[in-house]
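Following: one structure in structure tokens, then a few remarks.
Atoms within each ligand, like the ligands themselves, are counted from 1 in listed order.
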Amino acid sequence: MSSSAYRNGNHRTATRTYGSGFKPPSFKSRLQPSPSHGTGDVRRSSPASLGGAFKDSDGVPGRVRVAVRLRPRNSEEMVADADFADCVELQPEVKRLKLRKNNWDADTYEFDEVLTEYASQKRVYEVVAKPVVESVLDGYNGTVMAYGQTGTGKTFTLGRLGDEDTADRGIMVRAMEDIFADVDLGSDSITVSYLQIYMETIQDLLDPINDNISIVEDPKTGDVSLPGATLVDIRDQQSFLELLRLGEAHRIAANTKLNTESSRSHALLMVHVKRSVAGEDAFSTENGNTSHLVKPSRPLVRKSKLVVVDLAGSERIHKSGSEGHTLEEAKSINLSLSALGKCINALAENSAHVPVRDSKLTRLLKDSFGGTARTSLIVTIGPSPRHRGETSSTILFGQRAMKVENMLKIKEEFDYKSLSRKLEIQLDKLIAENERLQKSFEDEIDTINAESQSRILEVERNFAEALEKEKLKCQMEHMKSVKELEEKMVSNQTRNQRDDLVDVKHISEGIGASVSSEVSELRMLLNNEIAQRKATEDEINLLESQLAQYRHPEADGDTAIFRLQKNLEEEIQQKKKYEEEVLVLRSQLVQMNIEADQTRRCLERGESGDAFTLNMLMAQSRNMQLRENGNGQKPSIAALSEQVGLHKIMSLLESEDATVRIHAVKVVANLAAEEVNQAKIVEAGGLTSLLMLLRRYEDETVRRVAAGAIANLAMNEVNQELIMVQGGIGLLSVTAANAEDPQTLRMVAGAIANLCGNDKLQMKLRTEGGIKALLGTVRCGHPDVLSQVARGIANFAKCESRLASQGIRSGRSLLIEDGALPWIVHNANDESAPIRRHIELALCHLAQHEVNAKDMVSGGALWELVRISRDCTREDIRNLARKTLSSSPTFRAELRRLRVDY
Ligand code: ADP
Ligand code: MG
């Protein structure tokens with residue numbers, strides 16, 4: 001239709017075709033770029049496109065906008081056409097142009113904008129180019145092109161620099177001003193190339209040597225580029241102006257060299273704008289939720305291009321008066337322009353074929369017509385009626401161009417570099433966040449650990465307390481049952497005794513009956529005892545298994561558990577002791593049975609005499625032993641003495657009969673265990689007799705029992721002196737040296753230990769070899785003996801210490817003199833509590849006197865003192881050790897030397 005209008009030249013048809021039937025949006029309307037792009041229903045219906053590769057459904061339709069600009073009459077026209085009217089009449093308010101055919105007829109054309117000869121450069125820029133520039137800044141390609149006869153103002157419109165009058169600044173200058181005002185040179189970039197096409201050769205106006213640049217086409221997208229063209233990075237307006245001046249100078253020089261005019265060549269300014277924009281969130285989850293972390297937005301880069309084309313003059317070549325060119329050359333000169341005309345025609349008519357490839361210009365403007373760019377065309381005309389034909393053809397070119405519809409598409413792509421940069425930053429943030437979380441997680445674990453640790457400790461403490469309570473309960477029960485047992489035995493014994501004195505015959509029956517009933521009662525008690533033991537054992541086993549359970553999650557070496565174990569071990573030890581006691585009780589029971597039988601037999605045989613009396617006494621005294629802790633009524637020595645006579649018993653010690661002697665010494669020993677009897681025994685000459693027994697080297701049993709009796713008598717201070725006076729130490733020493741039985745040694749050691757506690761006897765004891773004899777007894781290694789030795793040493797040390805502090809004694813301890821120190825040190829940490837306690841006490845006494853300090857240091861006693869000061873369970877001993885350590889200069893110096901912090 002447009003071609004027919006063009007051919008017909010009928011203004012009405014033309015008006016209808018281009019005006020009334022077409023309601024374009026305002027020329028100024030600015031395309032709103034949308035990252036989400038357009039919808040499919042605005043797709044171009046025709047496949048015809050100058051940019052034939054355009055297949056994308058995304059985009060918004062954007063028709064090529066066309067403005068017409070009339071140049072004012074120039075001075076020549078003022079004169080030459082003075083008598084004629086202009087060939088055009090403009091109606092800018094209705095955007096129409098009338099082209100006069102003659103005085104009475106004119107064709108009317110409607111344009112997107114009609115610019116009169118008075119239109120300012122600023123207004124021209126704003127209506128023609130500004131919307132395109134804004135589109136370019138939004139990421140679309142844009143084209144501003146001027147078409148028209150030479151001398152009608154194309155270059156004036158596009159290329160004026162405004163050096164003399166700033167109001168003259170053309171579209172190129174103003175476009176760049178707007179671009180600079182909008183971009184951020186920190187993240188965006190602007191590069192410029194300036195080219196000229198002349199006779200189908202592309203020349204670089206920024207580098208004239210570069211005079212045959214080839215067009216490269218991307219086979220995938222069909223986009224064209226000029227990799228050979230100089231691309232200048234522009235940072236400010238001033239350098240852009242310099243660049244335009246340089247390009248213009250080169251254009252003039254090139255055209256002079258080619259013997260042509262600038263009106264024969266097409267000039268193309270290409271401004272590449274590259275901008276970074278933040279896109280939509282690249283990491284939104286499907287349901288639109290975003291995590292608590294700040295996510296990087298999807299980085300995009302927009303690479304758009306503004307092309308400003310100052311075309312060669314549209315006049316026909318033969319009319320232009322270009323001399324010196326052949327017809328072929330003339331054809332070549334105008335090839336690009338005529339190809340552009342053909343393409344526009346084809347596009348306007350929705351032709352199937354658009355001959356884009358016919359010329360360099362049409363290839364380069366592929367995107368500008370029928371492509372994705374926003375394009376504005378300004379057609380320039382002159383007023384002279386002499387050029388009416390050219391003016392008419394220019395107008396028609398503009399009219400056809402108005403029919404070309406582009407599909408604007410944003411030139412946007414992923415900015416992978418910046419995305420990777422952003423992701424890296426994000427990753428670092430996440431790593432840091434992760435580290436922080438990890439740390440707080442570990443802290444939490446620590447807290448939980450600490451809490452559970454303290455809970456375990458608490459449980460263990462409770463458990464230990466429960467264990468202790470249980471232990472006490474067991475002990476109490478045990479003591480109670482022993483007491484009951486004793487009470488029973490005592491009452492039986494008393495009854496037997498009374499009956500015995502009244503009627504011997506009756507005794508024999510009575511004792512027999514009472515003994516057997518006693519036996520069965522004892523058995524019962526024993527069974528009870530055993531049952532209780534069993535229950536205690538079960539309890540302990542249960543507690544043990546509980547302890548194992550508590551201990552399970554904990555690491556080895558836990559001190560609390562260790563303590564519990566110790567308690568448990570002690571408990572087991574205690575249990576063993578009780579068991580031993582049960583055994584002793586049992587054997588005593590057997591013994592009693594035998595004795596009861598003997599008694600019965602004696603009575604039956606009508607026997608009497610010493611042996612019988614002694615047997616009776618033995619039984620008596622043994623029963624007393626059993627009661628030693630009881631509170632039951634005790635039969636007095638007076639009763640026994642009355643019955644047998646103490647002197648008689650003493651005299652029996654010297655009996656010719658060995659059996660009688662043994663029984664007698666046993667009776668005396670048992671009697672001597674009672675403090676109340678001791679003085680009487682001594683008075684009756686018992687001590688002398690006992691010492692005599694030692695002197696006579698009796699068999700070991702006699703010596704053991706005698707030594708035991710002496711030991712008991714030696715508890716009394718008066719007796720101690722008597723023993724010493726009668727050469728007791730010497731006798732005890734000899735006994736100790738010859739004895740093999742640990743019990744004998746125990747008795748001897750016990751006797752000496754008692755003597756050691758007497759201040760007055762210190763020197764004598766030592767001189768007569770008492771200390772050495774005491775130390776000699778340790779050879780058997782029996783704990784009971786060691787315990788007595790430790791006690792003796794502690795007693796001795798205590799006396800020494802007392803005498804020294806009273807100023808009575810000075811000089812090194814006699815214990816050290818007699819070589820007791822190594823044994824003391826060696827046994828200071830003995831596992832038996834009584835031994836340990838005695839030795840600890842002895843060490844503390846020795847340490848109190850500076851005179852001993854040196855030997856103690858060299859003998860290794862210092863370490864034991866330090867240990868005692870820290871670990872001893874008895875607070876008073878601990879304090880004593882601490883006091884001696886801090887008061888002795890020698891100890892202090894040694895500890896300093898060893899760098900032991902004390
Ligand atoms: P073209 O580039 O189309 O050959 P030019 O831009 O060189 O035309 O213009 C030719 C002459 O006309 C120049 O001297 C120019 O200054 C003048 N001219 C063109 N348009 C105007 C205008 N709108 N107002 C004043 N002078 C103009
Ligand atoms: Mg020009």
Thinking salt bridges, do [X] and [Y] make one under a 4.0 Å N-O criterion?
X	Y	result
Lys366	Glu217	yes
Arg245	Glu242	yes
Glu126	Arg174	no
Lys130	Asp178	yes
Arg160	Asp168	yes
Glu117	Arg71	no
Glu177	Lys122	no
Glu110	Arg96	yes

**Request:** Kindly confirm whether the Mg ion (ligand 2) is within less than 2.8 Å of some N/O/S atom in Thr150?
**Result:**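 Within the cut-off used here (under 2.8 Å), Thr150 places no N, O or S atom near the Mg ion (ligand 2).
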Identify the closest protein heavy atom to [atom]: which residue and atom is it, and at what distance?
atom	answer
atom 6 (O) of ligand 1	Phe156 N, 2.8 Å
atom 25 (C) of ligand 1	Pro72 CG, 3.7 Å
atom 8 (O) of ligand 1	Gly153 N, 3.0 Å
atom 10 (C) of ligand 1	Gly151 O, 3.5 Å
atom 17 (C) of ligand 1	Arg71 CD, 4.1 Å

**Contact check, Asn74 vs ligand 1, heavy-atom distance below 4.0 Å** =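 No, Asn74 has no heavy atoms under 4.0 Å from ligand 1.
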**Request:** Would you check whether Arg69 reaches within less than 4.0 Å of ligand 1, judged by its heavy atoms?
**Result:**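 Right, Arg69 reaches ligand 1.
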**Request:** Check whether any protein heavy atom sits under 4.0 Å from atom 14 (O) of ligand 1.
**Result:** no
**Contacting atoms of ligand 1, where contact means under 4.0 angstrom from a heavy atom of Gln149** = 3 (O)
**Request:** Under 4.0 Å from a heavy atom of Arg160: give me the atoms of ligand 1 that qualify, with their elements.
**Result:** 16 (O)
**Message:** Regarding Glu390 and Ser314, do their side chains bring together a donor and an acceptor under 3.5 Å, going by distance alone?
**Reply:** no
**Message:** Under 3.5 Å between any N/O of Thr155 and any N/O of ligand 1: does that happen in this structure?
**Reply:** yes
**Request:** Say whether Thr150, considering both its backbone and side-chain N or O atoms, lies within less than 3.5 Å of an N or O atom on ligand 1.
**Result:**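 The answer is no, given that Thr150 and ligand 1 share no N or O pair closer than 3.5 Å.
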